[in-house]
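These numbers come from the heavy atoms of this one structure, side chains and all, not from hydrogens, waters or symmetry mates. Just so you know, ligand 1 is whichever comes first in the structure, and atom 1 is the first atom listed for that ligand. Position 1 is the first residue of the sequence; numbering continues from there. Just so it is clear, the model here is predicted, and its values are computed rather than measured.
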Amino acid sequence: MSRGLGDVYKRQIICSYIANGYIKLSSYAPYQACWKCDSIKNKVKWKKETTMNNNPIGVFDSGIGGLSVLRQIIKLLPNEKYIYYADTDNVPYGLKTKEQILEYVENAIDFLNSKKVKAIVVACNTATSVAIKDVRHDYNIPIIGIEPAIKPAIENRKNKKVLLMATPVTVKGEKIKDLIQKLEANDIVELIAMPKLVEFAERGEFNTERVKEYIRESLERFNLEEYSYLVLGCTHFPYFKTTLKEILPDSICIIDGSIGVAERLKEVLEENKILGSCLLYTSDAADDMQ
Ligand code: DGL
């Protein structure tokens, strides 16, 4: 017997149910065609009272670096929509003045706001270091920044030192100094600026002899056996993990802050009740889809 649209029941399930694997979205995919059907309104059975917001999340960086963060975010929040903005006209941020970076960040946020994003991730350590305080104050949507993952490195360092690799602006910035001081890690963390890695990454050059030579020369002054962690404090740097592993002693762990940002974003969306949702339809009236 064929069914009219009036027989269709709509259920709303917050996306975390799907992400956690309670239901399989694919089994309901055929019913997404009913999405726009108004005639079912009276028969709606709301599965869960929830506030939601299906506007996109804006993510930006000076270039391709933030895509390494977006990848982690999508893994954690697969049912959200995203807009990525790469400020490629102004890359590299790490060699610019604070005033310039603040202006770039404000422009990026204005652009993403014009696309009606519900939250913004500054997927750039340099921009976060310079501008996060100001922009959080000036805009009234959640803005999440990225911080080098020094804390977990210090907690697990096994009495060895921690090396932080970032852009010159991040390395010289107050924000990183405050963080290291707060963790009482002045004698434990060494910092190194590696601006050329940003240029290499933007050119798509990750494992060439030139890249290896630059890394070897830059690390020459360190006795790497004294370190147990390399913290990647620039979102362009995870693309060099394979090359770095070839050069560093096996005992050094490489970590970055992208998982931390993804987790923080999820928390912020939950706190503000603006998680995206997935609308699901079924053609029968069964009560429970969990
Ligand atoms: N990817 C950015 C960061 O995390 C910026 C690199 C740059 O533009 O210099 O710092």
Is there a continuous path of hydrophobic side-chain contacts, each under 4.5 Å between heavy atoms, that joins [X] to [Y]?
X: I154; Y: I176; answer: yes
X: F237; Y: L224; answer: yes
X: V105; Y: L265; answer: no

Looking only at heavy atoms, is any part of [X] under 4.0 Å from ligand 1, and if so is it the side chain, the backbone, or both, or is it neither?
X: C124; answer: both
X: D61; answer: side chain
X: V198; answer: side chain

As an exercise, identify every atom of ligand 1 less than 4.0 angstrom from a heavy atom of [X].
X: H236; answer: 1 (N), 2 (C), 6 (C)
X: T235; answer: 1 (N), 2 (C), 3 (C), 4 (O)
X: N125; answer: 3 (C), 4 (O), 10 (O)
X: G94; answer: 7 (C), 8 (O), 9 (O)
X: T126; answer: 3 (C), 5 (C), 10 (O)
X: V91; answer: 8 (O)
X: S62; answer: 5 (C), 6 (C), 7 (C), 8 (O)
X: Y93; answer: 7 (C), 8 (O), 9 (O)

Task: Step-by-step side chain to side chain contact (heavy atoms under 4.5 Å, CB included) determination, S68 to Y239 - done: CA-CA 8 Å; S68 64; Y239 300 116; 3.9 Å; yes
- [ ] Using a strict 4.0 Å threshold on nitrogen-to-oxygen distance, state whether E267 and R264 make a salt bridge.
- [x] yes
Open item on the list: side chain to side chain contact (heavy atoms under 4.5 Å, CB included) for M194 and I215? Distances and angles first, verdict last.
Closed with: CA-CA 8 Å; M194 301 277 286; I215 295 174; 4.2 Å; yes
Open item on the list: Between ligand 1 and P92, is the shortest N or O to N or O distance under 3.5 Å?
Closed with: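 No - when backbone and side-chain N and O of P92 are compared with those of ligand 1, no distance drops under 3.5 Å.
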TODO: Using distance alone, decide if ligand 1 has a nitrogen or oxygen within less than 3.5 Å of any nitrogen or oxygen in T167.
DONE: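 Between T167 and ligand 1 (N or O atoms, distance only) the closest approach is not under 3.5 Å.
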Open item on the list: Is there a side chain to side chain contact (heavy atoms under 4.5 Å, CB included) between R210 and K196? Walk through the geometry before answering.
Closed with: CA-CA 10 Å; R210 282 198 301 183; K196 274 196 184 167; over 6 Å; no
- [ ] Run the numbers on L248 and Y227 for side chain to side chain contact (heavy atoms under 4.5 Å, CB included), then give the verdict.
- [x] CA-CA 10 Å; L248 296 171; Y227 295 81; over 6 Å; no
Task: Option among L230, I254, D250 that satisfies the side-chain contact (heavy atoms from CB on, under 4.5 Å) test with K245 - done: I254
